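A short worksheet on the structure shown next.
For reference, positions follow the sequence shown, starting with 1. What you see is a predicted model; the values in this text were computed from it and never measured.
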Amino acid sequence: MSKLDHSFVVVGLSACYLCFFANASSAQVGKEALSRCMNFAYSTEEDFITRGPEPPDGNPVISAGDLLTSHPTAVCARNEDLLLIFDIVDKDDLGLDAVDVIDIDGYIVAFSTEIDSPNNGPAATQFTAGDLLITNGVVISNAELTSKFSIPFDIGLDAVHFIGKEENILAALEFFSVQGVPRGRAFSEALTSFGIDIWFSMEGTFTPDGFSLPILDGDLLSAREGTIVAKQTDLFPASVPAGIPDRGVDFGIDAATADRRGEATTIEFSPEILFNKEPLFVDGDAIRYAGSAHMPNHFLIRGFEPVTTELGLDALSGTLDVIFADGFETGNVLRWSDSVP
Ligand SMILES: [Ca+2]
Ligand SMILES: [Ca+2]
Ligand SMILES: [Ca+2]
């Protein structure tokens with residue numbers, strides 16, 4: 001083969017490769033795939049190639065914006081599936097930074113993206129990365145979510161979980177879809193009237209009026225009450241220096257889930273940074289309230305057989321119970337050495 005022919009082949013291959021990745025950002029797996037995430041769902045921080053089960057669309061590239069499960073391992077939604085109703089014009093993958101799978105049959109998923117909508121223009125904002133999106137088209141703005149804390153700017157959103165009976169949550173989301181999302185204080189009043197709450201974590205730290213200490217990136221908050229549901233200090237065992245100013249470090253919350261009854265002890269979360277003393281954990285791990293159990297990242301992702309053991313974790317939904325029941329249990333101690341399969 002001449003050098004010229006060779007370069008045509010290389011260019012052709014490169015073009016196909018680019019086509020492939022262009023397709024990766026506009027892939028869909030359809031509504032049926034969501035049922036796989038009925039009990040447990042998550043999202044990674046990074047893109048990777050699966051060497052495990054082939055996604056329904058045949059594309060082995062998994063995006064950090066896709067919704068995944070490890071029970072059993074599957075892609076439940078591509079980023080574009082979640083964003084379908086928002087009609088994203090250039091079909092970009094906008095990332096996935098928080099998720100709560102609420103209703104499989106009605107395809108109701110609450111989530112947030114990593115970046116603002118490309119449809120935002122000078123005249124109107126469709127949504128930002130700090131807003132809470134629902135697959136029925138509802139946008140709960142960051143201002144409404146944080147209204148009880150009176151935060152005067154978009155402070156981001158990187159974990160979300162709905163509290164309340166499922167029928168009440170669905171009724172509220174339907175009401176918001178038909179009537180619009182109430183603004184300001186009326187939003188928290190609407191949550192009260194439907195008997196639901198939205199727990200969430202911000203991307204930053206802020207001291208609201210009436211608070212003697214700042215609310216942290218690593219606190220879990222109540223949108224309805226304007227209170228801290230779980231303080232950073234409460235999430236870890238006493239041996240971890242979590243909490244400012246009492247212990248020294250804000251490890252952040254990058255993902256959080258719990259049951260729907262509002263029991264803080266059922267919280268499962270992922271921190272933003274690692275801890276390199278005992279009990280060891282990394283930012284992609286999932287940890288149960290007060291450090292009562294620990295799920296290493298590599299255990300969540302291992303069904304995809306990625307060529308690494310750590311892909312990050314920035315959204316959690318459902319419960320890790322199903323994974324623990326699958327034969328993984330570290331008991332009451334956080335120890336990395338115990339958890340390597
Ligand atoms: Ca993600
Ligand atoms: Ca997150
Ligand atoms: Ca946070």
Side-chain angles (χ1 to χ4, degrees), residues 97-100 110-114 128-133 140-164 181-192 196-238 240-258 262-275 281 283 286-291 313-316:
D97 198 13
V99 76
D100 188 354
F111 66 104
S112 82
T113 57
E114 296 276 2
T128 76
D131 295 344
L132 178 58
L133 313 181
I140 299 171
S141 76
N142 193 267
E144 263 57 73
L145 215 50
T146 63
S147 58
K148 290 282 275 189
F149 298 97
S150 300
I151 300 176
F153 55 92
D154 187 327
I155 197 164
L157 176 62
D158 70 344
V160 73
H161 179 71
F162 277 74
I163 300 296
V181 178
R183 310 300 292 268
R185 288 263 159 165
F187 178 69
S188 59
E189 287 161 11
L191 296 181
T192 302
I196 69 168
D197 196 358
I198 303 173
W199 289 1
F200 69 100
S201 177
M202 315 176 295
E203 299 277 9
T205 287
F206 182 78
T207 308
D209 290 342
F211 281 65
S212 56
L213 294 170
I215 46 175
L216 304 178
D217 170 18
D219 290 336
L220 197 61
L221 310 171
S222 161
R224 184 182 71 194
E225 305 296 334
T227 54
I228 300 173
V229 173
K231 295 175 72 165
Q232 173 72 183
T233 310
D234 304 330
L235 294 172
F236 294 90
V240 177
I244 291 178
D246 33 349
R247 292 198 203 164
V249 179
D250 180 5
F251 286 87
I253 294 176
D254 199 3
T257 182
E263 296 286 340
T265 54
T266 67
I267 291 170
E268 298 167 337
F269 70 100
S270 182
E272 300 263 11
I273 56 173
L274 58 76
F275 185 56
F281 58 82
D283 59 298
I287 297 170
R288 201 165 263 174
Y289 186 82
L313 180 62
D314 64 1
L316 272 172

Take Phe187 and Ile198 through the side chain to side chain contact (heavy atoms under 4.5 Å, CB included) test and state the conclusion after the steps. CA-CA 11 Å; Phe187 178 69; Ile198 303 173; 3.9 Å; yes
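- Expressed to the nearest 0.5 Å, how far CG of Asp197 lies from CZ of Phe162 amounts to 9.5 Å.
- In this structure, the side-chain contact (heavy atoms from CB on, under 4.5 Å) partners of Ala255, at least two apart in sequence or on a different chain, are Ser270, Leu316.
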Derivation of the side chain to side chain contact (heavy atoms under 4.5 Å, CB included) call for Glu189 and Arg224: CA-CA 7 Å; Glu189 287 161 11; Arg224 184 182 71 194; over 6 Å; no
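- Minimum interatomic distance between Trp199 and Ala258 (heavy atoms only, all atoms of both residues): CZ3-CB, 4.0 Å.
- Annotation: side chain of Glu203 is in contact with side chain of Asp97 (closest heavy-atom distance under 4.5 Å).
- Proximity of Thr257 to His161: side-chain heavy atoms (C-beta onward) are separated by under 4.5 Å at one or more points.
- The line from NZ of Lys148 to CG of Leu191 is 10.0 Å long, rounded to the nearest 0.5 Å.
- Between the Thr266 side chain and the Gly262 main chain, no donor and acceptor come within less than 3.5 Å of each other.
- Here the OG atom belonging to Ser112 is positioned 12.0 Å from the CD1 atom belonging to Ile140, to the nearest 0.5 angstrom.
- In this structure the side chain of Thr146 never reaches within 4.5 angstrom of the side chain of Phe206, judged on heavy atoms.
- Separation of atoms CZ (Phe281) and CG (Leu274) is listed at 8.0 Å; rounding is to 0.5 Å.
- Atom CG of Leu216 and atom OG1 of Thr205 lie 5.0 Å apart (nearest 0.5 Å).
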Verdict with supporting geometry, Asn142 and Phe200, side chain to side chain contact (heavy atoms under 4.5 Å, CB included): CA-CA 11 Å; Asn142 193 267; Phe200 69 100; over 6 Å; no
For residues 150-160, which side-chain donor-acceptor pairs fall under 3.5 Å, sequence neighbours excluded?
unit_1: Asp154; atom_1: OD1; unit_2: Gly156; atom_2: N; d: 3.0
unit_1: Asp154; atom_1: OD2; unit_2: Thr128; atom_2: OG1; d: 2.7

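- The backbone N or O of Gly184 sits less than 3.5 Å from a side-chain atom of Glu144, completing a donor-acceptor pair.
- Between the side chain of Ser201 and the backbone N or O of Asp217 there is at least one donor-acceptor pair closer than 3.5 Å.
- A heavy-atom distance below 4.5 Å is not found between the side chains of Ser141 and Val181.
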Identify all side-chain donor-acceptor contacts of residues 225-238 below 3.5 Å with residues at least two apart in sequence or on another chain.
unit_1: Gln232; atom_1: OE1; unit_2: Phe251; atom_2: N; d: 2.7
unit_1: Gln232; atom_1: NE2; unit_2: Gly218; atom_2: O; d: 2.7
unit_1: Thr233; atom_1: OG1; unit_2: Asp246; atom_2: OD2; d: 3.4
unit_1: Asp234; atom_1: OD2; unit_2: Lys231; atom_2: N; d: 3.1

Under the criterion side chain to side chain contact (heavy atoms under 4.5 Å, CB included), I'd like the reasoning laid out for Phe275 against Val249: C-alpha separation, chi angles, the key distance, then a yes or no. CA-CA 10 Å; Phe275 185 56; Val249 179; over 6 Å; no
